[in-house]
Novice: 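Below you will find the structure I want to go over with you.
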Amino acid sequence: MPLISKPVSPETLFAQAGGVIDPQTGGIVPPLQPATTFVRDEQNVPVSPEHIYSRDDSDLCRLAEDVLAKAEHAEAGLLFPSGMAAVAAVIRTVPEGGRIIMQSGIYWGVTKWVRGFCGRRNITLTEVDCADAGALESVVGRADILWIETPSNPYLKTTDVAFCTDFARRCGASLIVDSTAATPVLSQPLSHGADIVMHSATKGINGHSDVLAGFLACRDASDPRWDAIREDRHDAGAVLGSFEAWLLIRGMRTMSLRVERMCRNAQEVAEFLSAHSVVSEVLYPGLITDPGHSIAVRQMTGGFGSLLSFRVRGGKAAALAAIGRLELFKRATSLGGVESLVEHRHTIEDTVPDDLLRLSVGIEAVDDLIADLKAALG
Ligand code: PLP
């Protein structure tokens, strides 16, 4: 399906789902074709050469990939059935005996899976704080992949993508950026030199907490690593289903508006929390006091995201008491949905300080959210 041909901004691209009109009906919403298999004619030729078996891919998957790839200034994009499936697809390209340099303190699910994979494959894993240029320099040396996550979850560290691009080149590595917390609206890491950008599309891209999906996009589609990822997704069958792709496209149509509102709300919530006597620290790149603020200003446009964390004076008991009193912020994991969520990460990830609460700020009226926090913190 061809996208809007003239250059348009991402807001327009997303709002019009790439501008695709159903050629059969003129419908302004792409049709959902759930068939897994497609017929051949009397000569045994496929009725439609692009439609044979939907494990290859589907019209809706391709449309969602094309829209997201265009927004990321990518040469190509691929959707997966979850963010973790997309992460695994990249990491599986590293050969036995290879080396991965990975940012420490990122989403725990990624760290855990990559550690296990590297252990099984005799791959050297170097975990380092990539937001700290000096620390990164100390591990310079040949590597296959440099994996960063910016802003990071749950510590909201900002990592300099341009610096990491240069560092990765010196190591002979591909730079992969998990840009989930930034969304394609706020940041396009490929424009700063990254080789592959990754998203858990489960989060802000879909935005309604009702689809699991992962996305990868590449700067150079002729990169052998990209070729390997594409072939493995096809042959191993890790494709996103049509219905999920349809829901994702529907969710993406409002992504720019949602992200704009969520960033504004998160900024106000972060400023409110920073001034609260019960809060010892707020982690959010939108605060001018944040160590990553100036880099975030350089590599993000339109806001600093909907994710933030804060630490409660009084330790674990005080944090758990506050979370228990929240009514509007739902106690649930995940982020990037229209509804606000709160999580005590220590409960499931014991290396996170036990006084830290992570918020995913939604699109509700910010005064209601701040009143909820005020009542909970006392
Ligand atoms: N990357 C980040 C930063 C995440 O927060 C998550 C999930 O929370 C993932 C990757 C994994 O995505 P998924 O849950 O869609 O598999």
Side-chain angles (χ1 to χ4, degrees), residues 61 64 68 72 77-92 100 102-117 127 130-131 145 147-159 161 176-187 189 194 196-217 233 238-241 244-245 247-248 251-252 259 262 266 283-285 292 300 304-309 330-337 339 341-345 347-349 351-352 356 358-361:
C61 213
L68 286 168
E72 287 284 5
L78 288 170
L79 279 165
F80 292 80
S82 70
M84 284 311 302
V87 172
V90 177
I91 299 294
R92 276 199 296 261
I100 296 173
M102 194 176 72
Q103 184 168 340
S104 55
I106 58 171
Y107 171 57
W108 171 238
V110 172
T111 304
K112 179 175 182 293
W113 188 84
V114 174
R115 280 181 187 169
F117 181 83
E127 294 182 51
C130 299
I145 278 179
W147 185 282
I148 63 171
E149 181 183 290
T150 184
S152 67
N153 170 14
Y155 297 109
L156 282 303
K157 288 201 177 186
T158 300
T159 295
V161 178
I176 320 293
V177 181
D178 182 338
S179 194
T180 298
T183 80
V185 174
L186 304 176
S187 177
I196 293 176
V197 60
M198 178 264 153
H199 288 276
S200 164
T202 312
K203 317 297 186 202
I205 291 176
N206 176 61
H208 294 78
S209 307
D210 54 10
V211 173
L212 269 179
F215 179 67
L216 298 175
R233 187 195 72 159
V239 71
L240 188 69
E244 283 77 10
L247 277 172
L248 199 60
M252 276 158 46
V259 170
M262 287 154 93
L283 312 176
Y284 185 62
M300 298 177 86
F304 302 95
S306 59
L307 192 66
L308 65 98
S309 295
K330 303 298 177 218
R331 288 172 291 278
T333 195
S334 204
L335 56 121
E339 64 288 302
L341 303 178
V342 60
E343 192 177 29
H344 183 246
R345 285 296 303 173
T347 301
I348 51 169
E349 185 186 345
T351 54
V352 173
L356 184 143
R358 191 190 74 186
L359 300 181
S360 172
V361 180

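When a ligand or atom number is given, it counts from 1 through the structure's own listing order.
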Novice: Suppose I only count heavy atoms of Gly83 and a 4.0 Å limit; which atoms of ligand 1 are within that range?
Specialist: 12 (O), 13 (P), 15 (O), 16 (O)
Novice: Regarding atom 9 (C) of ligand 1: of the candidates Phe80, Trp108, Tyr107, which has the closest heavy atom?
Specialist: Tyr107
Novice: Using a strict 4.0 Å cut-off to heavy atoms of Glu149, name the atoms of ligand 1 that fall inside it.
Specialist: 3 (C)
Novice: Provide, to 0.1 Å, the distance between atom 15 (O) of ligand 1 and the closest protein heavy atom, together with that atom's residue and name.
Specialist: Thr202 OG1, 2.6 Å
Novice: As an exercise, identify every atom of ligand 1 less than 4.0 angstrom from a heavy atom of Leu335.
Specialist: 5 (O)
Novice: Hey, is the main chain of Ala213 close enough, under 3.5 Å, to the side chain of Thr202 for a donor-acceptor pair?
Specialist: yes
Novice: Under a 3.5 Å distance rule, please check whether Glu127 uses its side chain to pair with a backbone N or O of Ser104 as donor and acceptor.
Specialist: no
Novice: Is a donor on one side and an acceptor on the other found under 3.5 Å between the side chain of Ser360 and the backbone of Gly336?
Specialist: yes
Novice: Please give me the minimum heavy-atom distance between Leu307 and Tyr284, naming the atom from each residue.
Specialist: O-CD1, 3.3 Å
Novice: For residues Thr333 and Leu341, report the shortest heavy-atom separation together with the two atoms involved.
Specialist: O-CD1, 3.4 Å
Novice: Which atom pairs, one a donor and one an acceptor, fall under 3.5 Å between side chains of residues 84-92 and the rest of the protein, sequence neighbours left out?
Specialist:
none

Novice: Mind running side chain to side chain donor-acceptor pair (under 3.5 Å) on Arg358 and Asn153 for me, showing each step along the way?
Specialist: CA-CA 9 Å; Arg358 191 190 74 186; Asn153 170 14; 2.7 Å; yes
Novice: In the protein, which heavy atom is nearest to atom 14 (O) of ligand 1, and how far is it?
Specialist: Lys203 NZ, 3.8 Å
Novice: Please list, in number order, the atoms of ligand 1 under 4.0 Å from a heavy atom of Asn153.
Specialist: 5 (O)
Novice: Need the ligand 1 atom indices (1-based, order shown) with element for anything under 4.0 Å from a heavy-atom of Asp178.
Specialist: 1 (N), 2 (C), 3 (C), 10 (C)
Novice: Tell me which protein heavy atom sits closest to atom 16 (O) of ligand 1, plus the residue, atom name and distance to 0.1 Å.
Specialist: Met84 N, 2.8 Å
